Amino acid sequence: MPKSFRILWLTLIALPFSSHLSYADPVTQHATSSKETVELIDRKLLFGNPSRFQGRLSPNGKYMSFLAPQNGVMNVWVGERGDFSSVKPVTKNTGRGVPNHTWALDSEHILFSQDKNGDENWHLYSINITNGKQKDLTPFAEISARFIAQSIKKPGIVMVGINDRDPKWHDIYEIDLTTGKRTLKEHATGLAEVYIDNDLQVRLALKPQPSGDYLVMKRLRDRWAPFFEIPFEDTQTTHIIGFDESNQGIYMLDSRYRNTSALVHMQLKNNNLKILASSDKVDVDNVLFHPQTHEPIAYSTDYIRPIWHALADEFKPLAERINKELTGGTDILAQTLDNRYWTIYTDESDESPVYKILDTKHAKLEDLFVTHPALTDLPLAKMHGVVIKSRDNFDLVSYLTLPVNSDKNQDGKPESPVPMVMLVHGGPWGRDGYGYSGLNQWLANRGYAVLQVNFRSSTGFGKTFLNAGNKEWAKAMHTDIIDAKEWAVKQGVTGADQVAIMGGSYGGYATLVGLTFTPDEFTCGVDIVGPSNLQTLLESIPPYWESYKQAFYRAVGDPTTESGQKLLKERSPLFKVDNISKPLLIGQGANDPRVKKAESDQIVTAMKKKDIPVTYVLYPDEGHGFQKPENNLSFFAVAEAFLGSCNGGRVQPQGDAFTNSSIQIPHGIEYIPGIRLE
């Protein structure tokens with residue numbers, strides 16, 4: 001599966017997670033007394049808007065940009081590099097906020113995407129930073145546009161995929177940022193991806209096969225010809241990532257002849273491969289290219305945390321400095337066109353993330369800004385990387401965060417057991433990594449240990465580990481989570497009867513599995529936009545995911561066959577609601593196109609019919625996860641009260657957490673003490 005798409009599938013979107021509840025529940029008093037001495041951090045500081053976020057430099061290095069609140073809504077701000085007195089907002093969004101932005105290579109336009117209330121019908125916009133003129137570059141109804149490419153050879157031009165002709169396929173358009181003129185360059189019927197070279201010419205494409213394999217196609221004037229095949233077992237670990245300077249070769253992350261993805265160069269004329277970088281332990285991750293020569297100059301590998309490696313001698317001192325000075329999660333986000341300035345995001349687990357600028361000419365590393373300065377000097381918890389053995393001997397790279405006063409030596413070993421939350425990542429084709437998380441800090445501050453396990457199907461650890469999860473939903477993927485829980489109990493982190501389970505998207509499904517397939521393992525569960533019925537999940541995928549259906553079917557279960565239908569039903573929590581004996585909280589966005597509202601509706605309905613308690617929280621203006629900070633604040637106020645009542649953590653009063661939120665609680669508000677709708 002192409003990396004660009006894999007990120008979309010079922011993965012919980014980055015939630016700007018961010019109170020109110022006053023009651024003395026008997027269970028709450030079971031929490032350890034040590035955590036009562038730790039300052040209670042207001043949820044608004046953890047789930048509200050950051051002060052600044054998503055820092056960028058313009059390609060010419062003259063300007064900086066970032067997202068920051070304007071009247072409580074995230075907008076794009078631009079100013080002179082390093083001069084915060086010069087910044088001003090260039091967008092005027094008053095709704096859900098701008099979720100992401102980047103610079104056009106002309107350094108005159110900002111590009112950003114926007115959907116409507118989480119429906120993921122994305123439009124691509126440009127805004128001129130000088131005159132403030134904003135254009136919808138994709139002004140079509142019911143489409144989901146994809147930014148594809150731009151080139152320093154044609155600044156002011158972008159290549160965009162638009163599914164306006166057929167909702168299943170993204171045709172390729174060339175768009176002028178100044179005029180908004182669109183020129184159709186390629187009909188893409190039957191093509192999952194189209195690859196553009198450095199001259200912005202259509203060169204390669206990815207064609208899905210009925211087997212679940214992919215066929216890379218080469219453009220030959222007026223037709224496509226087969227080039228090479230990517231077998232199904234490699235489709236999620238093999239990706240074309242760019243063309244070389246001459247456009248006669250491509251760079252790939254390639255696992256076809258090995259377990260882990262290596263960085264390779266392939267000649268287009270003869271398919272000759274040269275391995276440039278590899279690791280036997282993990283996949284090669286982010287690759288940094290020179291903006292002018294398109295030559296790879298550095299890459300990262302990420303086992304416990306990212307480590308940067310230089311490919312050219314001149315960059316070795318820079319990589320060494322980054323690894324030495326930035327010991328948390330680190331990502332090189334962008335470079336100026338002269339490659340002098342690198343924009344770097346870094347986040348220690350117990351500090352606010354920081355955007356930094358590395359001056360490569362003088363090897364000077366300086367802060368651009370801190371994202372959440374209000375967190376300074378607050379009692380934040382440290383994350384510890386641990387490796388847990390599964391019952392069949394896989395290494396499960398995991399992360400443990402402990403309440404501050406339970407881990408006085410900060411060695412990942414509490415003085416006595418504390419309640420714990422198993423926090424399961426989305427995807428499942430994604431991974432947990434090292435770094436700051438408002439969600440982790442919230443849970444740890446309320447008195448919970450937090451354990452995140454990269455179960456089989458998680459990405460980054462090679463194709464054997466990833467493919468070990470195929471057809472193992474609710475089976476081996478879930479026993480990895482159970483094995484991690486048992487490890488925590490044996491280590492004295494928690495008690496066997498003190499563990500809740502929580503997650504979004506696939507993590508929400510895992511939560512439902514935990515309460516239906518293994519009902520005695522967890523005290524309670526929090527499911528955010530999780531599918532309850534794998535049959536209806538696969539039946540309702542968006543039309544523009546047509547090219548990936550066979551890959552889904554091979555990984556999850558094939559609904560077009562009798563045996564596949566049987567498998568999907570067997571692995572669906574909906575059909576095991578009779579087993580639920582522990583409290584359940586469900587959060588859902590009404591406009592979710594991936595895990596539709598029906599997935600939550602049907603399990604709530606089934607539980608109501610059997611008089612099984614469940615609390616259902618619904619947001620009419622959200623999709624796959626919650627973007628508005630007001631909605632995050634309200635949901636996690638509910639979740640905090642819920643966890644406090646069933647797993648013994650501290651609870652902040654509800655207060656004004658529902659202000660300006662669209663929260664609805666169609667069912668089960670009475671099951672959560674202290675929560676009220678006014």
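No experiment lies behind these values; they were computed from the predicted model shown.
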Report yes if the side chains of [X] and [Y] come closer than 4.5 Å at any heavy-atom pair, otherwise no.
| X | Y | result |
| --- | --- | --- |
| Met607 | Leu584 | yes |
| Arg594 | Trp545 | yes |
| Phe394 | Asp480 | no |

For Leu451 and Met422, run side-chain contact (heavy atoms from CB on, under 4.5 Å): C-alpha distance rounded to whole Å, both residues' side-chain angles, the deciding distance at 0.1 Å, then the answer. CA-CA 5 Å; Leu451 184 57; Met422 292 290 308; 3.8 Å; yes

| field | Distance in Å, Ile612 CD1 paired with Asn579 CG, rounded so as to fall on 0.5 Å steps | value |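 Result: 8.5 Å between the selected atoms.
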
Taken to the nearest 0.5 Å, the spacing of Leu439 CG from Thr401 OG1 works out to 10.0 Å

With distance as the sole criterion, is a donor-acceptor pair present between the side chains of Asn286 and Asp302 under 3.5 Å?
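Result is no, nothing qualifies.
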
- Compute whether any side-chain donor of one residue and acceptor of the other, for Thr536 and Glu599, lie under 3.5 angstrom apart.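 Result is yes, a qualifying pair exists.
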
Margin query: Looking at Lys413, I'd like to know if its NZ atom is crowded, meaning that more than 12 non-hydrogen atoms belonging to other residues, nucleotides or ligands lie closer than 6.0 Å.
Written below: no

Taking [X] for the side chain and [Y] for the main chain, is one N or O donor matched with an acceptor at less than 3.5 Å?
| X | Y | answer |
| --- | --- | --- |
| Thr346 | Gly329 | yes |
| Thr615 | Gly668 | yes |
| Lys597 | Asp592 | no |
| Glu521 | Gly514 | no |
| Tyr399 | Ile304 | yes |
| Arg650 | Asn445 | yes |
| Tyr619 | Phe635 | yes |

Which of Lys281, Arg456, Lys389 passes salt bridge (Lys or Arg N to Asp or Glu O under 4.0 Å) with Asp395? Answer is Lys389

Those residues at least two apart in sequence (or on a different chain) that pass side-chain contact (heavy atoms from CB on, under 4.5 Å) with Leu568 are Leu534, Gln535, Leu538, Val556, Pro559

Taking the six-membered ring for Trp and the single ring otherwise, decide whether the centroids of Phe455 and His425 are under 6.0 Å apart.
-> yes

Can you see which heavy atom on [X] is nearest to which on [Y], and at what distance?
| X | Y | answer |
| --- | --- | --- |
| Leu380 | Val404 | O-CG2, 3.6 Å |
| Pro419 | Asn647 | CB-O, 3.3 Å |
| Ala510 | Val424 | CB-CG1, 3.8 Å |

Next on the checklist: In terms of relative ring orientation, are Tyr509 and Trp473 parallel, tilted or perpendicular, with 30° and 60° separating the classes?
Outcome noted: tilted

Can you classify the ring geometry of Tyr548 versus Phe552 as parallel (below 30°), tilted (30 to 60°) or perpendicular (above 60°)?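 Tyr548 vs Phe552 ring planes: tilted.
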
Show me the donor-acceptor pairs within less than 3.5 Å that the side chains of residues 461-470 make with the rest of the protein, sequence neighbours left out.
residue, atom, partner, partner atom, Å
Lys463, NZ, Asp234, OD1, 2.7
Lys463, NZ, Ser255, O, 2.8
Lys463, NZ, Arg258, O, 3.1
Thr464, OG1, Asn259, OD1, 2.9
Asn467, OD1, Asn470, ND2, 3.1
Asn467, ND2, Glu233, O, 2.7
Asn467, ND2, Lys463, O, 3.0
Asn470, ND2, Asn467, O, 3.4

*Verify side-chain contact (heavy atoms from CB on, under 4.5 Å) between Thr494 and Val489, making sure each step is shown before the conclusion.*
CA-CA 5 Å; Thr494 190; Val489 172; 4.0 Å; yes

Q.
Is there a side-chain contact (heavy atoms from CB on, under 4.5 Å) between Ile665 and Val617? Walk through the geometry before answering.
A. CA-CA 5 Å; Ile665 306 181; Val617 178; 4.3 Å; yes

Worksheet entry | Residues Lys382 and Asp407 bridged, charged N to O under 4.0 Å | no

Inset, instruction - Kindly indicate, with the supporting measurements, whether the criterion side-chain contact (heavy atoms from CB on, under 4.5 Å) is fulfilled by Tyr434 and Glu348. - result: CA-CA 8 Å; Tyr434 187 89; Glu348 288 287 353; 3.8 Å; yes

- Message: Given the ring of Phe522, does Lys582 sit roughly above its face, with NZ or CZ under 6.0 Å from the centre of the six-membered ring and within 45° of the axis?
- Response: no

**Item:** Pairing residues for Lys610 by the salt bridge (charged side-chain N to carboxylate O under 4.0 Å, His left out) criterion, not counting sequence neighbours
**Value:**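 Lys610 satisfies salt bridge (charged side-chain N to carboxylate O under 4.0 Å, His left out) with Asp578 only.
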
